[in-house]
Amino acid sequence: MPEFDPTPHDVPLPPVDGTFEVIPASPLDGPLPAMDYLPGVSTTAPEAQPADAEPDYLIGAAFLHSRNNRLHANSEVETVVDYMRATQRILNDPVQKIAAYLSFMADPAYGNDPIMTGDPEGIEAEVKARTLQAGELPDGYFETQRRFAREQGYGNIDITPDLRTAAASVVAGDQQASLHEWATYITGNDAYAPWFRRYVFDSVAKMGKFNPEQGKYGRYQVRSRATAAPYPGLIRGALSRVHSWMHDHLEAGKAPDTITAGLPDDGFDDKRREDFRRALIKGDFAALYVHALHVNKTGCITAEQRKRLDGNWRRYDQNSDPRALYDDLQGYGLDWCTATGFATTKLYVENGDFYVYYTPDDAGRQVVPRVAIRMERGEVAEVRGIDPKQELEPSLADMVARKAERLPGGVAYVQKAADMKRVTAIEQAVTADPGSTLSQADVRFLYEIDRPIMNFGYDRDPRIREIQRMRGNLDHSVMHELLPGVIREQLPGAMQGYDDVMRILEGLRLGPGMWLPSYEHCTPPELMRLYEYTHRDWQEAGVYDYVAKQLLDHGIRYRLLVTPNIAISLLHLRELYEHFPNRLGMCDMPPLYSYANEEVSGSHGPNPARFSLIPNRPEPDGLGLFSAERQRRMLSRMQAEAPQLNMHVPSMFDVVALAYTNLFHTGHDTHWHNVPNIRHVDLLPYKGRIGWVLPESSIVNGNPTLSHNWPQASVPLYVAVE
């Protein structure tokens, strides 16, 4: 059947999903060399046909001719008319010829156009002809999937053949289901004339996703052969409204101005009424459908309905009937996959429970979908709202967060989603202007100063390091301003760790052989005063510059540590390990005489407490993976090159004091909870049960351990500054 061209010629067609040709509105469009090649047409001449076409066909023919004044000269129309003229008189009038053609194609015994007659097999063929088949899914679709995966922190995923096949199956299922719903409904409705059915079907076949931001009132994008989105949702009341308008205009002869007078005042100003009048004259179904949705207050969630926040959650159990969820989401213009594609809905329900939050409609029924939570593998996998880009409405965000927190994986999902959104925003800003200045808050976030950035992948989001490399030294000045404040924020936890250690040591004072040398247990004000002196010295010595460079270049973060400046023995150290909650234990404790108390403690100087910055990672690979002897030489060289930084390996006392300090921090603070293998290369090996070894301290999952390793082993080197 020739294309009815439901889109007016003078309306610009924006490119959709790349540059592709628009699919034909009918598979029978184009010249036909002989009647034998016309599918569905009987080659037996009809015994009798009326000389004049029925009025209904004349109305449709006049309408189609007004939109395409060359339609009557189409080769297919000419072929059918010539065939019919063998038995009846057909005037050589464009409208009469088109009307005769329509009546022939709407006859099941002859043309049998499936959209006009409702032939099931023909409908299936028509729908399949407009469905993307295996191998037709465009690269642009997968680029969108890649971009989405990247924005979720999965990195650059590979599109395998199996993934293409699975995606094509879901896309085809969604397209077939959505277009088949239109075809079966319009062909089963006797109120719709055959020509109107074909006009609607061909119009819908050219409509893609609805874009609320295109134009003043929103517009359906023009579908190309490469469009992967499902077809528009069928809102029966809106379609009936379009039919009523066209009936009044074409059959009742009402002028467009008369019809526009009956439109509601709400939202229909003079400009919109003029747009409606033009759409009606041109027969622009897509535009009329948008107007009908607005008039009927269907196909969208109204401003009044958005004000209603009271509602309830409805759960659709895993492996339940997906039709229940799909049907409940129809009629609201949602961009959710579950609302636009039945195949996707079926897949989601098979993979987990599905929650939807419904609020009241105008009649008070709680049926308006506002939030969706999708579960997968027993945990929250996706949260979607109805704002642009499926964002949550701010007025519902707190309620949704409380709901998600009660579901497995919900707290982590909320944090991951927020982090990935922020990484994407920073990436877009930096890409648009590589030399832009980031705020201190963005620098803290990007360089994970407070906590690691969470993402949905198993590995660290690769964009983080990519953005950092793009920035180069641009963030150094901001980091230099930022770090003193960051270190100062750690002071309460460092002071708490100091106090915990001192209280335990005080309890051991009277034990046999557990004496301590003279010491001073500093109060918080005294520690604050000592810190201010240290802070001033660090500024003058360039400690903050060094720490900023280590963070920018190597991702090494530092924690403030306050260690009692006491020369404790290995026995005291053992007791500190024994008193630590959930301790992991010790292995082959060095003999008591192996090291002096000052070596165990790292104590020096007159102050009662020592302030140092402990790294969460060793020196970069290539500098630290050497034997203990070589590391000692390397450390001596580093100390000579920057003596003002007081570089040193954290002492065994420092390590256990750091473990007590970590107790003050939250569970998010994982930067220092796994600090392994701090080999004390500044100490000489001792003779243990298994040979010559070095003491090795670790903090694993927040808990301290004491072990050993061989001096010849290649172990990373941790270097603190003081």
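For the numbers below, each heavy atom of this structure counts, side chains included, while hydrogens, waters and symmetry mates do not. A quick note: this is a predicted structure, and the numbers were derived from the prediction, not measured.
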Using the ring of each side chain (for Trp, its six-membered ring), is Trp182 parallel, tilted or perpendicular to Phe285, with breaks at 30° and 60°?
perpendicular
Those residues at least two apart in sequence (or on a different chain) that pass side chain to side chain contact (heavy atoms under 4.5 Å, CB included) with Glu143 are Arg146
Quick one: side chains of residues 404-413, donor-acceptor pairs under 3.5 Å with protein atoms, not counting sequence neighbours, listed by atom name and distance.
from: Arg406; atom 1: NH1; to: Arg402; atom 2: O; distance (Å): 3.4
from: Tyr413; atom 1: OH; to: Val383; atom 2: N; distance (Å): 2.9

Measuring only between side-chain heavy atoms, which start at C-beta, is Leu392 closer than 4.5 Å to Val371?
yes
Can a donor-acceptor pair be found, under 3.5 Å and without considering hydrogens, that links the side chain of Arg315 to the backbone of Asp353?
no
Tell me, please, which residues at least two apart from Tyr358 pass ring pair (Phe, Tyr, Trp, His ring centres under 6.0 Å).
none
From CD1 (Ile467) to OG1 (Thr431), nearest 0.5 Å:
7.0 Å
Sorted by chain and number, sequence neighbours left out, side chain to side chain contact (heavy atoms under 4.5 Å, CB included) with His180 holds for Ile123, Glu124, Val127, Thr184
Heavy-atom pair with the smallest gap, counting every atom of Lys282 and Arg67:
O-NE, 2.6 Å
Look up atom CD1 in Ile301 and atom CD in Glu393, then write down how far apart they are to the nearest 0.5 Å.
7.0 Å
Please list, chain by chain and in numerical order, all residues satisfying ring pair (Phe, Tyr, Trp, His ring centres under 6.0 Å) with Phe354, sequence neighbours excluded.
none
For atom NZ of Lys346, is the number of surrounding heavy atoms from other residues, nucleotides or ligands below 6.0 Å larger than 12?
no
Output yes when Asp387 and Arg370 qualify as a salt bridge under the 4.0 Å nitrogen-oxygen rule, no when they do not.
no
Which atom pair, heavy atoms only, marks the closest approach of Thr338 to Tyr326?
O-CD1, 3.3 Å
Using 30° and 60° as the class limits, which term best fits the ring planes of Tyr289 and Tyr220: parallel, tilted or perpendicular?
tilted
Looking only at non-hydrogen atoms, find the nearest pair between Gln175 and Tyr231 and report the distance.
O-CD1, 3.6 Å
One should read off an interatomic distance between His291 NE2 and Arg273 CZ, to the nearest 0.5 angstrom, of 11.0 Å
Would you check, one step at a time, whether the test side chain to side chain contact (heavy atoms under 4.5 Å, CB included) holds for His294 with Val290?
CA-CA 6 Å; His294 180 79; Val290 172; 5.9 Å; no
With Lys128 via side chain to side chain contact (heavy atoms under 4.5 Å, CB included) - residues at least two apart:
Gln133
Carefully, step by step, assess Arg306 and Thr359 under the rule side-chain hydrogen bond (donor to acceptor under 3.5 Å, both in side chains).
CA-CA 8 Å; Arg306 279 176 172 264; Thr359 55; over 6 Å; no
Please test Ile186 against Leu239 for side chain to side chain contact (heavy atoms under 4.5 Å, CB included), starting from the C-alpha separation and ending with a verdict.
CA-CA 9 Å; Ile186 59 178; Leu239 176 60; 3.7 Å; yes
Ion pair check, Lys271 and Asp275, cut-off under 4.0 Å
yes
For residues Glu350 and Gln318, report the shortest heavy-atom separation together with the two atoms involved.
O-NE2, 3.0 Å
For side chain to side chain contact (heavy atoms under 4.5 Å, CB included), just list the numbers for Glu382 and Ile373, CA-CA rounded to whole Å, side-chain angles, deciding distance to a tenth of an Å, and then say yes or no.
CA-CA 6 Å; Glu382 201 171 20; Ile373 299 179; over 6 Å; no
How would you list, by chain and number, every residue that makes a ring pair (Phe, Tyr, Trp, His ring centres under 6.0 Å) with Tyr348, sequence neighbours excluded?
none
Tell me, which pairs form a salt bridge (Lys or Arg N to Asp or Glu O under 4.0 Å) where one or both residues lie in residues 356-366, sequence neighbours left out?
Asp361-Arg365
At their closest point, which heavy atom of Ile159 faces which heavy atom of Phe142, and how far apart are they?
CG2-CD2, 3.5 Å
Taking only residues two or more places apart in sequence, or in another chain, which ones meet His65 in a ring pair (Phe, Tyr, Trp, His ring centres under 6.0 Å)?
His72
Where at least one partner belongs to residues 227-237, residue pairs that pass salt bridge (Lys or Arg N to Asp or Glu O under 4.0 Å), sequence neighbours excluded:
Glu181-Arg236
Strictly by salt bridge (Lys or Arg N to Asp or Glu O under 4.0 Å), give each pair with a member in residues 319-338 just once, sequence neighbours left out.
Lys209-Asp335, Arg314-Asp328, Arg323-Asp327
Using side-chain heavy atoms (C-beta onward) and a distance below 4.5 Å, is Val295 in contact with Trp245?
yes
Gap separating the CD atom of Glu391 from the CZ atom of Arg384, nearest 0.5 angstrom:
8.0 Å
Is any side-chain heavy atom of Ser178 closer than 4.5 Å to a side-chain heavy atom of Thr340?
no
Do other residues, nucleotides or ligands put more than 12 heavy atoms under 6.0 Å from Asp270 CG?
no
Can you see which heavy atom on Thr344 is nearest to which on Cys337, and at what distance?
CG2-CB, 3.5 Å
Note, Pro256 side chain near Phe276 side chain (heavy atom, < 4.5 Å)
no
Should the ring pair Phe196 and Tyr192 be called parallel, tilted or perpendicular, given that the plane angle runs from 0 to 90° and is split at 30 and 60?
tilted
Side chain to side chain contact (heavy atoms under 4.5 Å, CB included) partners of Thr165, counting only residues at least two apart
none
Side-chain touch Thr187/Phe201, heavy atoms, less than 4.5 angstrom
no
Arg277/Glu274 salt bridge by N-O under 4.0 Å criterion:
yes
